[in-house]
Amino acid sequence: MKKLLAAAAALAIGCSVASCGEKKTDSQTTNSDTKKTIGIAMPTKELERWNSDGESLKSQFEKAGYKVDLRFSENNADKQNEDISGMLSDGVDLLLIAAVDGSTLSDTLAGAKEKNIPVVAYDRLIMNTDALTYYISFDNLTVGKLQGEYVRDQLHLISTTTEYNIEFVAGDEGDNNARYFFNGAYDVLKPYVDNGTLHILSGKNAFEQVATIGWTTENAEKNMKETLASYYNDDKSLDIVLCANDSTALGVANALASDYKGGNTPIITGQDGDIANLKNIVDGKQSMTVYKNVNDEAAVAFGVCKMLLDGGIPTAKLTESFGDVKVNYNSESYNNGVKYIQSYLLVPYVITKDNLQLLVDTGNFKWDSENKYIEAAK
């Protein structure tokens with residue numbers, strides 16, 4: 001994994017942003033078995049990115065002639081199990097799942113294995129099942145690493161003699177990716193916590209202590225208000241809030257706007273490139289986001305699933321068929337508690353106020369009429 005992360009970190013930003021929209025790749029040009037149906041299980045419509053992922057995937061498979069059963073599970077693990085059971089009963093030929101809680105699906109997916117229905121995990125690893133063969137995601141440790149490195153470099157932590165206060169805001173405990181994000185960031189910043197350059201006044205330095213139920217803006221805002229009231233109620237300076245994604249960053253920004261008494265503007269990190277957060281970046285309320293081009297992820301998922309639906313076996317060679325999309329094949333790093341899962345890992349990149357044009361270049365965004373804020377292109 002260390003070699004993989006090193007390779008990912010070394011890639012230039014531009015190599016990923018050159019990709020845009022729904023690309024035609026070599027994996028999309030072969031004949032489709034149009035009698036096949038793919039079941040796509042997404043966590044919720046409430047978060048912008050899952051809507052985008054779900055609709056992009058549905059569009060690609062339908063354009064290729066496959067039938068699609070797309071279901072959103074209201075961020076409820078029980079409902080997602082019911083949705084997947086329903087898909088199995090309806091006779092889908094393949095399951096592509098972005099798990100609400102990757103630890104709760106093993107019993108349901110045993111039914112998929114009994115029927116020899118392939119299961120592909122999308123974005124979030126599914127744990128404790130031997131029904132899973134493939135995993136498609138961004139390099140999640142690198143997401144956190146990029147956030148940590150941004151903080152390190154902005155504050156010159158390697159050489160500074162100034163001390164700073166930092167708090168961490170992680171994702172949902174049921175999302176296996178959330179741990180990778182947290183660990184990637186914390187591993188970068190831990191040396192500066194250990195040497196006294198960074199102080200965590202709340203003392204919350206473990207993932208479980210800073211997890212945010214459901215990744216929701218509301219829960220992140222509530223948690224941050226409690227942290228401010230308990231540890232920053234006497235004008236103590238809060239310099240950094242390391243937020244795992246944009247929905248939590250939005251909650252933190254809301255809490256700071258209403259309850260923070262310090263005179264400074266803290267660094268706030270994020271992930272996903274949500275529209276509200278991109279506006280906050282322009283307005284100086286958020287510092288950065290790690291952008292993952294979900295259309296690229298969907299294109300890779302399409303390639304892997306299409307090959308499976310058409311009777312092929314995806315291997316490392318498939319990475320050569322995705323054109324400008326930079327993706328690494330790895331079969332030795334992501335263990336779901338039963339086995340190592342063959343993984344296709346895309347490379348994310350950092351977006352700040354200074355390089356927002358890179359988002360426009362992807363084709364997923366556009367400038368507003370005043371060329372000040374970023375809007376969704378569709």
Side-chain angles (χ1 to χ4, degrees), residues 26-43 53-54 57-58 60-73 77-137 176 297-319 321 327 329-345:
D26 293 344
S27 64
Q28 293 169 291
T29 58
T30 58
N31 293 329
S32 301
D33 185 343
T34 56
K35 295 180 181 179
K36 296 289 183 69
T37 299
I38 179 170
I40 302 176
M42 289 282 131
D53 285 54
L57 286 161
K58 184 175 185 289
Q60 288 186 76
F61 283 104
E62 287 182 340
K63 285 180 180 177
Y66 299 100
K67 298 179 180 67
V68 178
D69 184 350
L70 170 63
R71 307 193 191 190
F72 295 89
S73 301
D78 291 337
K79 185 178 186 307
Q80 188 166 63
N81 274 284
E82 293 172 4
D83 288 341
I84 294 169
S85 294
M87 292 176 185
L88 293 173
S89 297
D90 291 342
V92 298
D93 299 287
L94 183 145
L95 287 169
L96 178 64
I97 303 169
V100 173
D101 184 340
S103 66
T104 65
L105 295 171
S106 56
D107 289 344
T108 300
L109 294 182
K113 185 171 184 181
E114 288 176 3
K115 296 182 177 182
N116 294 317
I117 295 173
V119 179
V120 178
Y122 184 76
D123 203 75
R124 297 172 173 178
L125 188 61
I126 299 171
M127 306 301 292
N128 305 317
T129 176
D130 61 357
L132 181 66
T133 304
Y134 294 96
Y135 175 44
I136 297 152
S137 187
N176 186 64
E297 188 176 16
V300 174
F302 176 86
V304 172
C305 293
K306 183 182 188 303
M307 183 169 283
L308 288 167
L309 287 167
D310 295 344
I313 300 176
T315 64
K317 186 173 177 59
L318 186 62
T319 61
S321 70
V327 57
Y329 174 84
N330 183 283
S331 61
E332 300 177 347
S333 297
Y334 284 84
N335 190 309
N336 77 340
V338 175
K339 62 180 182 179
Y340 285 95
I341 307 300
Q342 298 176 76
S343 303
Y344 292 86
L345 304 173

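- For the pair Gly337 and Met127, the tightest heavy-atom approach, listed with the atom from each and the gap, is N-CE, 4.2 Å.
- Side-chain N or O atoms of Lys339 include one that pairs as donor or acceptor with a backbone N or O of Leu132 at under 3.5 Å.
- Judged purely by atom type and a 3.5 angstrom limit, Tyr134 has no side-chain atom pairing as donor or acceptor with the backbone of Leu308.
- In this structure, CD1 on Ile40 lies 5.5 Å from CG on Leu70, to the nearest 0.5 angstrom.
- Pairing each heavy atom of Pro314 with each of Val304, the nearest pair is CG-O, 3.7 Å.
- For the pair Phe61 and Ala301, the tightest heavy-atom approach, listed with the atom from each and the gap, is CZ-O, 4.3 Å.
- In this structure, the separation between NZ on Lys58 and CG on Leu96 is 14.5 Å, given to the nearest 0.5 Å.
- Judged by distance alone, with hydrogens and angles left aside, the side-chain atoms of Ser343 form no donor-acceptor pair with the main-chain N or O of Leu345 at under 3.5 Å.
- Side chains of Ser106 and Asn128: no donor on one and acceptor on the other come within 3.5 Å.
- By the 4.5 Å heavy-atom criterion applied to side chains, Ile97 and Gln80 are counted as neighbours.
- In this structure, Tyr344 contributes its side chain and Thr315 its backbone to a donor-acceptor pair below 3.5 Å.
- Taking the charged nitrogens against the carboxylate oxygens, Asp90 and Arg71 do have a contact shorter than 4.0 Å, which makes a salt bridge.
- Contact of the Leu105 side chain with the Thr129 side chain is not registered, since no non-hydrogen atoms from C-beta on lie closer than 4.5 Å.
- Closest heavy-atom contact between Arg124 and Val100: NH1-O, 3.7 Å.
- The closest donor-acceptor contact from the side chain of Lys115 to the backbone of Leu88 lies under 3.5 Å.
- Between the side chain of Lys36 and the backbone N or O of Leu309, at least one donor-acceptor pair lies under 3.5 Å.
- Distance CG/Asn81 to CG/Asp107: 8.0 Å, rounded to 0.5 Å.
- Residue Met307 holds its CE atom at 6.5 Å from OG of Ser321, rounded to the nearest 0.5 Å.
- Using a 4.5 Å heavy-atom threshold, the side chains of Asn176 and Asn336 count as separate.
- For the pair Leu57 and Met42, the minimum side-chain heavy-atom distance is below 4.5 Å.
- Here the closest non-hydrogen pair linking Ser333 and Asn330 is N-OD1, 2.9 Å.
- In this structure, Asp101 CG and Ile126 CD1 are separated by 10.5 Å, a value rounded to the nearest 0.5 Å.
- Taking CD1 of Ile117 as the start and CG of Leu94 as the end, the distance is 8.5 Å to the nearest 0.5 Å.
- Between Asp123 and Ser137, the shortest heavy-atom distance links the atoms O-OG, 3.0 Å.
- Residues Tyr66 and Asp310 bring a donor and an acceptor atom of their side chains to less than 3.5 Å of each other.
- Put simply, the residue from Tyr334, Tyr329, Tyr340 that forms a ring pair (Phe, Tyr, Trp, His ring centres under 6.0 Å) with Tyr135 is Tyr334.
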